[in-house]
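A note on names: the letters A, B, ... follow the listed sequences, proteins ahead of strands, and every chain is numbered from 1. Hydrogens, waters and symmetry mates play no part in the numbers below; they use all other heavy atoms, side chains included. Quantities reported herein were computed from a predicted structural model and do not represent experimental measurements.
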Amino acid sequence: MSDAGYDHATVERRWQEAWDEADAYRTSDDVEEPTYVLGMYPYPSGKLHMGHVRNYTITDAYARYRRMTGDEVLHPMGWDAFGLPAENAAKERDTNPRDWTFDCIDTMRDQMDAMGFGYDWDREIATCTPEYYQWNQWLFSRFREEGLVERRDAEVNWCPHCETVLADEQVEGEAELCWRCDTPVEQRELEQWFLQITEYADELLEAIDDLEGWPNSVRQMQRNWIGRQYGTELEFDIDGHGSVEAFTTRVDTIHGATFFALAPDHPISEAVAEEDEDVRRFIDHEADPDGDEPNGVATGLTATNPVTGDEIPVYVADFVLSDVGTGALMAVPGHDDRDHAFAQKKDLEIVPVIAPEPDEGDEPEAPDVSEEAFTDDGVLINSGDYSGLDSETARERLTEDIDTAEEATQYQLRDWGISRQRYWGTPIPIVHCHDGCGAVSVPEEELPVELPEFINTTGNPLDAAEEWQETTCPECGGDATRETDTMDTFVDSSWYFLRYVSPDLEDAPFDRERTNDWMPVDQYVGGIEHAVMHLLYSRFFTKVLADHEELEHREPFTNLLAQGMVQLEGEKMSKSKGNVVSPQRIVEEYGADTARLFMMQAAQPERDFDWSEEGVRSTNAYLTRLKEMVEEYVAEEPDGDDDAVASYVAAEIDATIALASEEYDDLTFNRALREAQDLTRTLRQYADYTAPHAETYERGLSAVVRLLAPVTPHLAEELWDELGNDDLVVDAPWPTADIDADHVTKRRRLVENTREDIRDIVDVAGIEDPQAIDVVVAPDWKYDALEIAIESDAPNLIGELMQESHIREQGDAAADYGQDLQAEREALSMTLGPDEEYDALEAAAWLIEREFEAPVTVVRAADADESALKNAEPGRPAIEIED
RNA sequence: GCGAGGGUAGCCAAGCGGUCAACGGCGGCGGACUCAAGAUCCGCUCCCGUAGGGGUUCGUGGGUUCGAUUCCCUCCCCUCGCACCA
């Protein structure tokens with residue numbers, strides 16, 4: 001009967017309806033400072049996968065937990081609804097992206113409801129609606145007003161056959177072919193719109209230090225991505241081409257610069273190529289910036305070292321990248337690995353100019369750089385007046401002394417190109433005036449610029465929407481053409497968390513006052529794949545809005561959890577591998593609660609874990625058993641006494657609540673759930689052993705149900721109801737316990753150690769059938785002695801103990817115990833008191849009786865034999881077994 | 001190469017200065033229940049031990065400490081991110 005499971009479908013449907021009716025997840029606009037729990041909104045592909053289920057179960061469980069502890073909670077959901085897959089799907093199915101997207105949204109919303117996720121659907125947003133994307137446009141215009149938007153040429157992937165720009169992921173394979181027509185993709189310069197995120201590079205970098213609620217990995221990835229580097233910019237003269245700017249972080253090595261290198265697409269390289277066949281051939285055919293080998297060609301030109309006046313050869317080399325630094329560099333093979341490799345290949349001079357820091361009083365000694373560069377900082381040698389300086393000082397002095405040099409900071413972060421030549425995105429609200437006004441922002445009152453009807457065409461459908469393009473210039477009233485680029489969908493997601501606060505607001509993207517109350521997001525949960533882009537762009541938007549729209553927060557997400565993957569046999573689930581487990585199937589077969597519980601107990605949220613059908617089955621069996629326990633209890637209320645056993649169970653209930661609550665706070669659901677399941681086992685053992693005390697037993701069941709409620713909301717409602725509660729468990733108060741975790745831990749350890757010791761004795765002594773077991777608590781004076789031993793720092797502990805008359809009276813026993821304490825002095829820690837130990841053991845005696853099938857007597861020291869007391873210590877009662 | 005996170009008993013996985021031979025789960029073994037199987041429940045699961053003892057363990061080799069799975073260093077291996085970054 002157990003393996004049949006319970007009727008989850010009925011239970012789930014019943015409570016989903018009840019929540020609907022009660023509007024259980026609605027967050028009123030009036031609440032102040034709700035706890036904002038958010039999962040990264042999904043792209044509406046039409047199918048919820050395991051990753052989604054895990055992501056949203058985490059936020060749902062946390063939101064429910066916080067709600068039960070009495071918080072107001074904001075837990076909304078929406079749709080990252082623009083994007084290329086909709087265009088492709090529309091073409092395949094001969095429909096349009098809009099209809100397809102909304103179909104998918106409807107399906108996915110149903111799937112989410114079926115999972116029991118408690119969202120405030122009144123706050124739902126879909127980024128593809130004009131009501132939403134008009135604010136993308138508004139924000140674009142605001143950014144432009146603040147000088148944070150730029151239009152300039154940029155290189156893009158271009159398919160000449162489809163006549164469209166391709167995203168990097170649409171370029172396939174080494175050969176770089178168009179994914180749709182297999183035409184080789186070209187690079188093309190196109191005018192593109194950029195948001196100037198680099199204006200905020202320093203703050204985005206420095207504020208990472210304060211994001212203490214974020215995982216280190218994500219913080220580090222953002223730091224790397226921004227990639228700030230301090231160095232020096234200086235000029236080298238190249239005969240016939242004037243001065244060239246180079247960037248270096250190691251200007252201290254300038255005396256060792258033995259050649260100069262230019263990127264293949266540097267203007268001077270181009271100029272040289274005009275005249276020089278070899279250089280031409282190198283640039284056009286041989287340069288391989290992706291290869292491991294540094295390749296290059298001599299130009300025959302020389303550059304003048306601004307410090308030494310030396311003439312050094314100039315190369316065009318493919319390891320020099322035009323978008324790093326200035327696209328030109330001074331090469332110091334003695335102290336840079338890559339320059340070294342190139343110098344060896346081209347047989348160029350390698351001069352050491354930095355020596356390792358010598359020992360005190362010794363002269364610096366040149367390192368051997370013939371085989372390998374010495375890349376550490378050190379002391380300058382062979383550097384004229386600068387010899388003897390340390391690297392850092394030398395960098396400062398040289399930057400000061402060289403006429404053309406100045407300190408410079410380089411970033412790896414580039415401005416954010418948001419132009420996409422595609423249909424299903426936010427139209428960039430710009431018109432191009434034919435009469436010389438240039439690119440003009442569409443005025444606020446004319447927003448949104450709505451998308452025209454979808455046209456099925458190979459290129460950008462907006463280019464084909466000729467009527468839509470025709471407009472007039474807002475400035476001069478003359479003829480104008482609409483911008484046909486749409487925005488990167490990361491724009492949509494850079495501020496959607498603000499829109500949930502006031503999703504229907506018609507005159508602003510967000511309600512300022514309420515947003516200032518409600519933001520930031522307290523707990524954000526999503527996949528690690530968004531570690532850089534989405535999370536960095538959101539931080540950028542938040543900072544811009546703080547500077548220009550009176551947002552009072554400079555960071556959007558206080559705590560971030562990057563959830564791990566759901567795997568199958570150690571491999572990521574993916575359609576191509578064909579190892580996908582469908583959440584829909586699991587829900588049908590076992591129910592949403594089982595799926596949720598299995599996932600949450602399988603591993604910590606941030607770790608990967610393996611999906612296991614076995615685990616799912618046993619989780620389902622657990623829920624079925626729990627349901628039976630509640631039903632049996634309700635059917636016939638037991639009439640047991642409030643005895644020692646009941647007090648043991650009562651203490652375990654408190655312990656479980658105390659520990660599980662801490663785990664919920666930390667989002668370590670796996671451990672919280674383990675506690676709840678352990679308590680379930682204790683309750684079952686209790687009921688098996690004796691007729692339970694009804695009040696205690698019910699308190700235990702009630703606690704288990706509520707501890708599970710965040711993760712298994714449907715069954716929890718069902719059982720809560722069966723236990724006779726009128727309210728919904730979503731609104732029920734979180735169970736409380738008046739004990740501290742330390743006390744709980746000590747008590748559990750005492751009981752566990754005692755049971756363990758008895759087992760050892762029975763086993764080692766070969767006792768077949770114990771007749772009676774006495775458990776003797778240590779005498780009071782030993783507890784006093786222990787306390788003194790912990791607190792005292794006197795060298796002779798025994799002497800210290802003997803100053804207490806009631807200990808001294810114990811004679812040899814005191815000396816023996818004192819010796820033991822002395823030996824373990826540093827490791828001692830306080831146990832429970834003698835009365836507490838007695839109570840704990842008395843309460844746990846039934847467990848021992850049950851296990852060994854022998855009567856157990858817990859004995860106070862005062863009532864015990866002298867001989868038994870000898871072995872009794874605080875935390876470790878003496879054990880006497882009669883066989 | 002740089003950076004981040006890891007390496008714990010047959011497997012998965014907690015612990016992160018003493019209470020640790022090390023939670024929990026799976027698998028395996030034994031027992032209860034059953035005609036039997038399944039499910040469920042109770043134990044055991046590094047080695048040696050006839051009263052709670054001893055020995056050897058937490059990737060490797062060192063170090064700090066009265067004491068290290070826990071802190072520091074070296075090296076090896078895994079996973080992720082960045083990478084001809086000047």
Please check the phosphate of [N] (OP1 and OP2 only) for any side-chain N or O of [X] closer than 4.0 Å.
X: A/Arg228; N: B/C85; value: no
X: A/Gln410; N: B/A86; value: no
X: A/Arg338; N: B/C85; value: yes
X: A/Arg219; N: B/A4; value: no
X: A/Arg748; N: B/C23; value: no
X: A/Arg674; N: B/C23; value: no
X: A/Gln229; N: B/A86; value: yes
X: A/Arg607; N: B/G5; value: no
X: A/Asn216; N: B/G5; value: yes

[options]: which one has an atom nearest the side-chain heavy atoms of [X]?
X: A/Ser217; options: B/A4, B/A86, B/A51; result: B/A4
X: A/Arg681; options: B/G25, B/A86, B/U40; result: B/G25
X: A/Arg850; options: B/U40, B/A14, B/C42; result: B/C42
X: A/Met221; options: B/G81, B/A86, B/A4; result: B/G81
X: A/Ala621; options: B/U40, B/C23, B/C85; result: B/U40
X: A/Val324; options: B/C42, B/A4, B/A86; result: B/A86
X: A/Thr249; options: B/C85, B/G52, B/A86; result: B/A86
X: A/Gln685; options: B/C42, B/C85, B/C41; result: B/C42
X: A/Ala878; options: B/A14, B/G52, B/G25; result: B/G52
X: A/Arg684; options: B/C41, B/C85, B/G43; result: B/C41

What's the [atom1]-[atom2] distance between [X] and [N], to the nearest Å?
X: A/Gln677; N: B/G25; atom1: CD; atom2: P; value: 10 Å
X: A/Leu623; N: B/U40; atom1: CG; atom2: P; value: 13 Å
X: A/Gln220; N: B/G6; atom1: CD; atom2: P; value: 14 Å
X: A/Arg395; N: B/A86; atom1: CZ; atom2: C1'; value: 13 Å
X: A/Glu756; N: B/G43; atom1: CD; atom2: P; value: 11 Å
X: A/Leu413; N: B/C82; atom1: CG; atom2: P; value: 14 Å
X: A/Glu752; N: B/C44; atom1: CD; atom2: P; value: 8 Å
X: A/Glu245; N: B/A86; atom1: CD; atom2: C1'; value: 13 Å

Under 4.0 angstrom, heavy atoms only, what part of the nucleic acid is [X] near: base, sugar-phosphate, or nothing?
X: A/Asn871; answer: base
X: A/Pro877; answer: base
X: A/Arg223; answer: nothing
X: A/Ile881; answer: base
X: A/Asp288; answer: base
X: A/Asn670; answer: nothing
X: A/Arg755; answer: sugar-phosphate
X: A/Val320; answer: base

Say you pick atom [atom1] in [N] and the same atom in [M]; how far apart are they, in whole Å?
N: B/G24; M: B/C42; atom1: P; result: 12 Å
N: B/C26; M: B/C77; atom1: C1'; result: 26 Å
N: B/G28; M: B/G15; atom1: C1'; result: 25 Å
N: B/U60; M: B/G67; atom1: C1'; result: 22 Å
N: B/U34; M: B/C20; atom1: P; result: 39 Å
N: B/A68; M: B/U79; atom1: C1'; result: 26 Å
N: B/C29; M: B/C35; atom1: C1'; result: 24 Å
N: B/U69; M: B/G18; atom1: P; result: 11 Å

Discussion item. Within a 6.0 Å radius of atom CD on A/Glu529, are there more than 12 heavy atoms belonging to other residues, nucleotides or ligands?
Written reply: yes

Side chain of [X], backbone of [Y]: donor and acceptor closer than 3.5 Å?
X: A/Thr299; Y: A/Val314; result: yes
X: A/Arg219; Y: A/Leu211; result: yes
X: A/Lys782; Y: A/Tyr817; result: no
X: A/Asp377; Y: A/Ser391; result: no

What is the pairing partner of [N], taking Watson-Crick or G-U wobble pairs with both distances under 3.5 Å in any strand?
N: B/G61; result: B/C73
N: B/U56; result: none
N: B/G27; result: B/U45
N: B/C82; result: B/G1

Worksheet entry | Identified salt bridge (charged side-chain N to carboxylate O under 4.0 Å, His left out) partner of A/Arg747 from the options A/Glu837, A/Glu836, A/Glu652 | A/Glu652

Worksheet entry | Residue among A/Gln601, A/Glu662, A/Glu663 satisfying side-chain contact (heavy atoms from CB on, under 4.5 Å) with A/Arg671 | A/Glu663

Worksheet item: So which of A/Leu234, A/Val307, A/Thr253 actually passes side-chain contact (heavy atoms from CB on, under 4.5 Å) with A/Leu398?
Response: A/Val307

Discussion item. Return whichever of A/Arg876 or A/Arg250 has its heavy-atom-nearest nucleotide of RNA chain B closer to the 5' end.
Written reply: A/Arg876

Worksheet item: Going through the distances and angles, do A/Phe598 and A/Tyr590 end up as a ring-ring contact (aromatic ring centres under 6.0 Å, His included)?
Response: CA-CA 11 Å; A/Phe598 169 67; A/Tyr590 302 98; 9.6 Å; no

Worksheet item: Can A/Gln677 and A/Arg674 be counted as having a side-chain donor-acceptor contact under 3.5 angstrom?
Response: no

